[in-house]
Amino acid sequence: MSRNDEIATRLEEFADLLDAKGVEYKPQAYRRAAENIRDYPGAVEGLAADGADAVGEIEGVGDAISSKVVEYFETGEIAELAELRADLPVDMEALTAVEGVGPKSVGKLYEALEITTLDELEAAAEAGEIQTVSGFGAKTEQNILDNIDFAREAHARTLLGEARPYGERVESYMADVEGVEKYALGGSLRRWRATIGDVDVLVGSEAAEAVVAAFTDWPDVDRVIEAGETKASVMAGGVRVDLRVVVPEEFGAALQYFTGSKDHNVAVRNRAIERDLKVNEYGVFDVSGVEDDDQRAGERLAGATEEGVYEALGMTWMPPELRENRGEVEAAVDDDLPDLLEEDEIRGDLHTHTEWSDGGNTVAEMVAGAAEFGHDYIAISDHATGPGMVGGVGVPDEELWEQLEEVRSVAEDADIDVFTGVEANIGEDGAISVADDLLAELDVVVASPHAALDGDGTDRLVAAAEHPDVNVIGHPTGRYLNRRPGLDVDVERLADVAAANGTALEVNASPARLDLSGSGVKQAIEAGATIVIDTDAHSPGNFAQIRYGVHTARRGWAETADVLNARDADGVREFLDE
Ligand code: DGT
Ligand code: CA
Ligand code: CA
Ligand code: ZN
């Protein structure tokens, strides 16, 4: 965790605990400060060394908070936070992972029933005690029971968007360690799965012990779980990181093995057995006529490189995102693998927000940010009012008409193409929450489900996709990774309708969503739909998250031609006008 992230996390914890105590307004101030500190481009620690006034220069960071930031960097803790923790000894992260349970509920449940953990929460719900607490009803209690298993499971996995930066940091650290000849990330992180159990790092070296020692000395390490001669596990910033060191001539085989997935490896192993070969983490071996069951027995055919391993089995090497046993083994044998979309082929973003709704920046700033990021075009698609828009986030139609003028005037001076747009809400009945005359006037209409995200959503999404002015179905299932599973969607049926109506299905690249998922993308593409990969950016810093969407699409076998925003602006216009 960078030190900016570290202090931001403390301030967020502060906010949660204040919320739990029923304190008003202050929690929002702490959250806002945390967000700005996270996004701050420089080292806040450096500002803190210059004193509270320097920290106070960061937007949204007032006197009370800046002095706490200084205190944290000087002493390693914040006394007031420690008091709050002692006062409310709850596992906030686990409890708030239950959908519908926020910090305020946690505070009330602790006050009334002394609930501190998920197990205690479950026991209280089963005993019918939750509904006796003021502010909680039988419905909330049932909701807790329904969601607790999901929360428990979710709690153990880290979002790709959080784990990936760690993986890349450990990768670049290992690159400079003496004796390291080869290195790579493995496991689910290399496959870009939406959530990550642990980070796997593989090193090829003749000096395993020294490499293990350097790894446990990595400055980000919070705790060493175990350290042996050729492997070690540590905790770093809340994520478990596993290191394995192998000799360079076995690096490719080990990388193939530790990249997984398990199901992919089983299919590869079966392929080997059919050909009288053996594949394992040490290499590919010809075992015809060999009795010995030693792991390295037989003639070694490959092992140093991953390409060599697949080649020895009569397969083409394939990108890790495909390795989920969804037909890639057969495709690699037939030399019929998809030619996957690449990160640098994305040319624009069709789903972004500004301060007109819940974004943090002006239209002009978002457009400039997109240009700076390297995009050729951007659509501004602020939230319309409607189901799911609470707290004044949604913009009423009459104001969207005004915004339209602003976007057009920014577009005149912009270096890139700017599309006018909106993110409308899809009601439970499939109705679109914006008037038709406005929809018809806008270049890009993203329609997304934001409320009633239980049960089967296919009918309502199909109705939205059939609307003549809807161009994109945004985050189709409405899932929030680790928090709520979202709608059940028959993607094939939706994709059929979408293809017939010239509507694109989104891969929302926000690390909290990744919606559609990889398997959803694969179904959508097979049914003929066009997909679009959007960041749903709420600030220019979010544009960089597009890569999580690109790799999710790659997990769904997306090729360049399947992706709307891999086209140039004219190509996009043509699709929108269909
Ligand atoms: P995760 O960490 O839960 O997000 O998922 P992975 O895929 O990173 O799994 P992990 O860290 O347990 O193991 C890394 C890779 O090692 C896994 O993708 C495939 C390989 N592997 C681990 N255990 C087995 C096994 O029992 N059989 C086979 N065939 N492969 C295994
Ligand atoms: Ca792993
Ligand atoms: Ca692992
Ligand atoms: Zn959005």
Side-chain angles (χ1 to χ4, degrees), residues 153-154 156-160 162-164 166-167 170 184-202 231 233 239-244 246 253-273 278-282 320-321 323-325 329 349-354 356-360 366 378-384 386 388-389 393-395 421-426 433 444-450 472-476 478 480-482 506-510 512-513 515 532 534-539 542 545 549 555:
E153 206 176 300
R157 298 188 66 83
T158 308
L159 299 184
L160 171 66
E162 285 166 20
R164 187 80 205 178
Y166 267 94
V170 73
L185 296 174
S188 51
L189 197 58
R190 185 164 179 240
R191 304 194 315 276
W192 296 80
R193 231 188 114 173
T195 62
I196 305 295
D198 62 17
V199 173
D200 298 285
V201 185
L202 187 70
K231 56 185 189 179
S233 298
V239 189
R240 180 185 165 117
V241 185
D242 280 354
L243 169 80
R244 280 185 196 76
V246 302
L255 182 58
Q256 194 286 323
Y257 180 85
F258 289 113
T259 296
S261 66
K262 274 182 201 158
D263 290 347
H264 171 82
N265 287 353
V266 168
V268 169
R269 197 159 53 222
N270 289 338
R271 161 95 188 152
I273 292 168
K278 179 177 69 185
V279 59
N280 58 27
E281 59 189 282
Y282 309 107
E321 294 95 322
R323 302 183 196 174
E324 298 290 348
N325 196 26
V329 170
D349 203 323
L350 297 182
H351 180 170
T352 70
H353 296 272
T354 74
W356 281 79
S357 63
D358 58 349
M366 290 303 282
I378 178 179
I380 301 295
S381 57
D382 273 306
H383 288 291
M389 289 303 114
V393 164
V395 185
V422 70
E423 180 177 16
N425 307 289
I426 304 174
S433 72
V444 178
V445 175
V446 179
S448 319
H450 287 112
V472 173
I473 303 295
H475 50 71
Y480 258 126
L481 291 164
N482 287 355
E506 184 178 76
V507 177
N508 191 292
S510 165
R513 293 189 184 271
D515 177 15
V532 57
D534 295 321
T535 59
D536 203 347
H538 283 67
S539 70
N542 293 155
Q545 293 178 342
R555 286 173 60 77

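Since the structure is predicted, the reported quantities are computational estimates derived from the model, not experimental observations. Just follow the structure's listing: the first ligand is 1, and inside any ligand the first atom is 1.
Assignment of L189 to the shell around ligand 1 is not supported, since no heavy atom sits closer than 4.0 Å.
A donor-acceptor distance shorter than 3.5 angstrom exists from the side chain of S381 to the backbone of T352, with no hydrogens or angles considered. A donor-acceptor distance shorter than 3.5 angstrom exists from the side chain of R555 to the backbone of R191, with no hydrogens or angles considered.
What you find for I426 and P449 is that their closest heavy atoms are CD1-N, 4.0 Å.
Every N/O-N/O distance between G187 and ligand 1 stays at or above 3.5 Å. Note: an N/O pair closer than 3.5 Å links R157 and ligand 1 by distance alone.
Residue H538: no N/O/S atom is found under 2.8 Å from the Zn ion (ligand 4). Put simply, D242 stays out of reach of the Ca ion (ligand 2), with no N, O or S atom under 3.0 Å from it. For residue H351, an N/O/S atom approaches the Zn ion (ligand 4) to within less than 2.8 Å.
With respect to the Zn ion (ligand 4), D536 has OD1 as its nearest N, O or S atom. Between the Zn ion (ligand 4) and the N, O or S atoms of E423, the shortest distance is to OE1.
Atom numbering of ligand 1 starts at 1 in the shown order; those under 4.0 Å from a heavy atom of N265 are 19 (C), 29 (N), 30 (N). Near R269, meaning under 4.0 Å from one of its heavy atoms, ligand 1 places the atoms 29 (N). Listed by atom number, the atoms of ligand 1 under 4.0 Å from T259 heavy atoms are 18 (O).
Interatomic distance, D358 CG to D382 CG, rounded to the nearest 0.5 Å: 7.5 Å.
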